[in-house]
Amino acid sequence: MLGFGTFKIPDDQAAEVVKNAIIGGYRHIDTAAVYRNEIGVGKGIKDSHVAREDIFLTTKCWNDDQGYQSALEAFEKSCQRLQTNYIDLYLIHWPKPLNSSTWKAFEELYQQGRIRAIGVSNFHQHHFEELMKTAIIKPMVNQIEYTPRLTQKPLKTYLESEGVAMESWSPLMRGKISEIELLKNLSAKYGKTVAQIVIRWNIDTDVIVIPKSVTLQRIKENFDIFDFHLSQDDIEAINLLNKNLRTGPDPDNFDF
Ligand SMILES: NC(=O)c1ccc[n+]([C@@H]2O[C@H](COP(=O)([O-])OP(=O)(O)OC[C@H]3O[C@@H](n4cnc5c(N)ncnc54)[C@H](OP(=O)(O)O)[C@@H]3O)[C@@H](O)[C@H]2O)c1
């Protein structure tokens with residue numbers, strides 16, 4: 001439920017940062033081919049001396065690699081860079097282009113045991129439904145932007161009804177959550193930082209969460225959320241902060 005994000009961590013820094021995160025307790029690491037840090041992430045996992053099978057590793061197939069053969073090749077290249085022969089969760093990074101043959105490659109790799117869970121990222125409901133027209137295996141995860149300013153209620157309800165796990169990216173709004181008054185009040189009430197309140201809100205709303213930090217103290221802080229829960233009233237109050245405001249691009253409008 002709590003993973004470690006690695007977007008924008010440079011490859012030459014990733015090994016040290018990922019190793020620190022694993023030593024700090026994280027067992028779930030999120031990267032992507034397009035982050036260009038898979039070599040560093042793989043080295044960090046090795047350097048941590050935690051067994052590969054105790055790590056849950058996610059990476060993603062980039063848009064240029066969509067298509068049956070190219071997705072298979074991209075998967076092998078990611079495995080090589082990450083120094084692993086399997087991936088725990090492999091995601092289609094964006095639905096543009098929406099390509100059913102990419103999913104066919106994912107299904108085959110899943111059936112061969114090379115991927116333990118297959119999923120998508122940045123899929124609106126209509127992207128999901130379109131993929132399902134030709135899919136044999138339903139995506140198991142949708143990784144989307146989810147923050148107190150973008151609660152994605154209709155999509156969240158849809159994914160719950162389909163039994164698809166939801167995972168949130170940019171959960172800290174890349175630092176901007178610290179400006180929200182209610183979160184500051186909850187921080188004082190619970191004796192936790194604003195980041196910890198938001199990470200807890202993700203977990204308390206059944207959303208897998210992958211905050212990123214290169215700062216050792218924040219890496220630890222973001223993991224120190226297992227000694228409290230938010231009350232139902234406070235969860236509802238955070239839900240009401242929604243303004244349908246995106247920190248990143250809208251999958252429908254993002255021009256690649
Ligand atoms: N599927 C997708 O399309 C997609 C898109 C975006 C992100 N992601 C994934 O989601 C992960 C998280 O998203 P993100 O990296 O965009 O943003 P984020 O986790 O919301 O925010 C990261 C930023 O917040 C700062 N920060 C971290 N912990 C903090 C704390 N306790 N207090 C104050 N500031 C803190 C970090 O600074 P320092 O690093 O300087 O400490 C960094 O600037 C990514 O790393 C990536 O793995 C996926």
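Small disclaimer: the values here were computed from a predicted structure and weren't measured. Numbers here simply count residues along the sequence, with the first being 1. We count ligands from 1, going down the list as the structure has it; atoms in each ligand are counted the same way.
E160 and K156 are joined by a salt bridge, as a carboxylate oxygen and a charged side-chain nitrogen come within less than 4.0 angstrom of each other. Between D224 and K192 a salt bridge is recorded (basic side-chain N to carboxylate O distance below 4.0 Å). Between K212 and D30 there is no salt bridge, since no side-chain N of the basic residue sits under 4.0 Å from a carboxylate O of the acidic one.
A donor-acceptor pair is defined here as one N or O able to donate and one able to accept, closer than 3.5 Å; no such pair exists between the side chain of E167 and the backbone of V209. At least one donor-acceptor pair closer than 3.5 Å links the side chain of D204 to the backbone N or O of L230. Not a single donor-acceptor pair under 3.5 Å links the side chain of Q143 to the backbone N or O of M166. Of the possible donor and acceptor atoms, one in the side chain of T102 sits under 3.5 Å from a partner among the backbone N and O of G67. Side-chain atoms of S70 come within 3.5 Å of backbone atoms of Q66 as a donor-acceptor pair (strictly under, hydrogens ignored).
Between W169, W94, F4, it is W169 that holds the heavy atom closest to atom 7 (C) of ligand 1. Compare K60, H93, K8, E221 by their heavy atoms: the one nearest to atom 31 (N) of ligand 1 is in E221.
Close contacts between ligand 1 and G175 involve ligand atoms 24 (O) [criterion: under 4.0 Å to a heavy atom]. Close approach to N122 involves these atoms of ligand 1, each under 4.0 Å from a residue heavy atom: 1 (N), 2 (C), 3 (O). For ligand 1, the atoms lying closer than 4.0 Å to a non-hydrogen atom of M173 are 20 (O). Below 4.0 Å from some heavy atom of F7 lie the following atoms of ligand 1, by number and element: 16 (O), 44 (C), 45 (O), 46 (C), 47 (O). Remark: ligand 1 atoms within the under-4.0 Å shell around heavy atoms of D30 are 9 (C), 46 (C), 47 (O). Near G5, the atoms of ligand 1 lying under 4.0 angstrom from a non-hydrogen atom of the residue are 11 (C), 44 (C), 45 (O), 47 (O). Every atom of ligand 1 is numbered from 1 in the order shown, and the set under 4.0 Å from a heavy atom of T215 is 38 (P), 40 (O), 41 (O). Every atom of ligand 1 is numbered from 1 in the order shown, and the set under 4.0 Å from a heavy atom of P211 is 19 (O).
Taking 4.5 Å as the limit, every side-chain heavy atom of V18 sits out of range of all side-chain heavy atoms of N37.
At a heavy-atom cutoff of 4.0 Å, ligand 1 is contacted by the side chain of A195 but not by its backbone. Contact annotation for S213 and ligand 1: heavy atoms of both the backbone and the side chain come within less than 4.0 Å of the ligand. When non-hydrogen atoms are compared, ligand 1 lies under 4.0 Å from the side chain of N222 (C-beta onward) but not from its backbone.
Of the protein's heavy atoms, R218 NE, 3.7 Å lies nearest to atom 32 (N) of ligand 1. Annotation: atom 11 (C) of ligand 1 to nearest protein heavy atom, I210 O, 3.2 Å.
Checking each of I235, L241, L186 against W201 for a side-chain contact (heavy atoms from CB on, under 4.5 Å) leaves exactly one that passes, namely I235.
Judged by the 6.0 Å and 45° rule, R52 forms a cation-pi pair with Y86.
Proximity of T193 to ligand 1 is not established, as no heavy-atom distance is less than 4.0 Å.
The shortest N or O to N or O distance between S168 and ligand 1 is not under 3.5 Å.
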